[in-house]
Amino acid sequence: MNEDGNWHPFGYQNFVELLDDPDAPYELFNKIYLRGGAKSMAQFWRKQREEGLNHVIINFKPTKRPITDCLADMEKYVFPEVNKD
């Protein structure tokens with residue numbers, strides 16, 4: 001809920017470079033390019049969710065890893081952390 005008592009969805013887009021090491025710290029460049037490990041990104045997005053974030057569009061274009069590996073890390077580390085209540 002916002003100050004007016006109504007729910008207003010909030011979201012944004014990130015270019016994401018998901019590193020091999022899931023424990024690598026994240027770095028945010030120019031408020032749009034996010035690079036790091038899956039665990040630190042999960043914590044980043046979890047904090048954002050607690051502050052009202054509802055949607056994130058993730059663009060893996062800069063990632064050099066196979067997309068199947070990135071999606072497996074997202075499923076293993078990111079989704080459970082971000083979606084827990």
Side-chain angles (χ1 to χ4, degrees):
M1 294 279 187
N2 288 358
E3 291 175 359
D4 63 4
N6 296 311
W7 180 74
H8 300 279
F10 170 71
Y12 60 81
Q13 184 268 341
N14 280 130
F15 289 104
V16 173
E17 183 178 358
L18 198 58
L19 302 178
D20 287 329
D21 178 3
D23 294 311
Y26 77 85
E27 298 176 89
L28 181 62
F29 303 93
N30 298 322
K31 299 181 182 178
I32 194 165
Y33 182 85
L34 189 61
R35 177 176 59 204
K39 290 180 182 178
S40 66
M41 288 191 190
Q43 292 299 317
F44 174 80
W45 285 317
R46 176 67 185 184
K47 183 177 183 231
Q48 295 268 306
R49 181 179 179 216
E50 291 168 357
E51 294 174 358
L53 179 68
N54 299 100
H55 304 82
V56 176
I57 299 169
I58 298 170
N59 185 338
F60 285 115
K61 186 175 181 178
T63 298
K64 297 172 185 161
R65 297 175 60 204
I67 193 65
T68 53
D69 292 352
C70 293
L71 293 174
D73 280 357
M74 294 291 287
E75 182 179 15
K76 182 176 181 180
Y77 300 112
V78 177
F79 299 149
E81 177 63 26
V82 173
N83 293 315
K84 73 179 181 184
D85 288 320

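The chain is numbered in sequence order, starting from 1.
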Next item on the list: Check whether any side-chain heavy atom of Met41 sits under 4.5 Å from a side-chain heavy atom of Leu34, and report yes or no.
Entry: yes

Check: How close do Ala24 and Ser40 get, heavy atom to heavy atom, and via which atoms?
Finding: O-OG, 2.7 Å

Item checked: Distance-minimising heavy-atom pair for Ile58 and Val16 -> CG2-CG2, 3.5 Å

Notebook entry, point to check: side-chain hydrogen bond (donor to acceptor under 3.5 Å, both in side chains) with Gln48: which residues, sequence neighbours excluded?
Noted result: Tyr12

Note to self: Using the side-chain hydrogen bond (donor to acceptor under 3.5 Å, both in side chains) criterion, which residues pair with Asp23? Sequence neighbours excluded.
What the structure shows: Lys39

Note to self: Hydrophobic clustering (ILVMFWY, side-chain heavy atoms < 4.5 Å, transitive) - are Phe15 and Leu28 grouped together?
What the structure shows: no

Checklist line | Within one Ile-Leu-Val-Met-Phe-Trp-Tyr cluster: Phe60 and Val82, side-chain cutoff 4.5 Å | finding: yes

Checklist line | Distance in Å, Phe10 CZ paired with Asn54 CG, rounded so as to fall on 0.5 Å steps | finding: 9.0 Å

Item checked: Residues that Tyr33 engages under ring-ring contact (aromatic ring centres under 6.0 Å, His included), provided they are two or more places apart -> Phe29

Item checked: Results of ring-ring contact (aromatic ring centres under 6.0 Å, His included) for Phe44 - residues two or more places apart only -> Tyr26

Margin query: Using the side-chain contact (heavy atoms from CB on, under 4.5 Å) criterion, which residues pair with Lys31? Sequence neighbours excluded.
Written below: none

Next item on the list: Keeping to residues at least two apart or across chains, list the salt bridge (Lys or Arg N to Asp or Glu O under 4.0 Å) pairs with something in residues 48-57.
Entry: Arg46-Glu50, Lys47-Glu51, Arg49-Asp85

Check: Sub-3.5 Å donor-acceptor pair from the side chain of Asn14 to the main-chain atoms of Ile32, do we have one?
Finding: yes

Notebook entry, point to check: With Lys84, which residues qualify under salt bridge (charged side-chain N to carboxylate O under 4.0 Å, His left out), at least two apart?
Noted result: Glu81

Taking distance alone, no hydrogens or angles, what donor-acceptor pairs closer than 3.5 Å link side-chain atoms of residues 69-80 to residues at least two apart or in another chain?
unit_1	atom_1	unit_2	atom_2	d
Asp73	OD2	Arg65	NH1	3.0
Asp73	OD2	Arg65	NH2	3.1

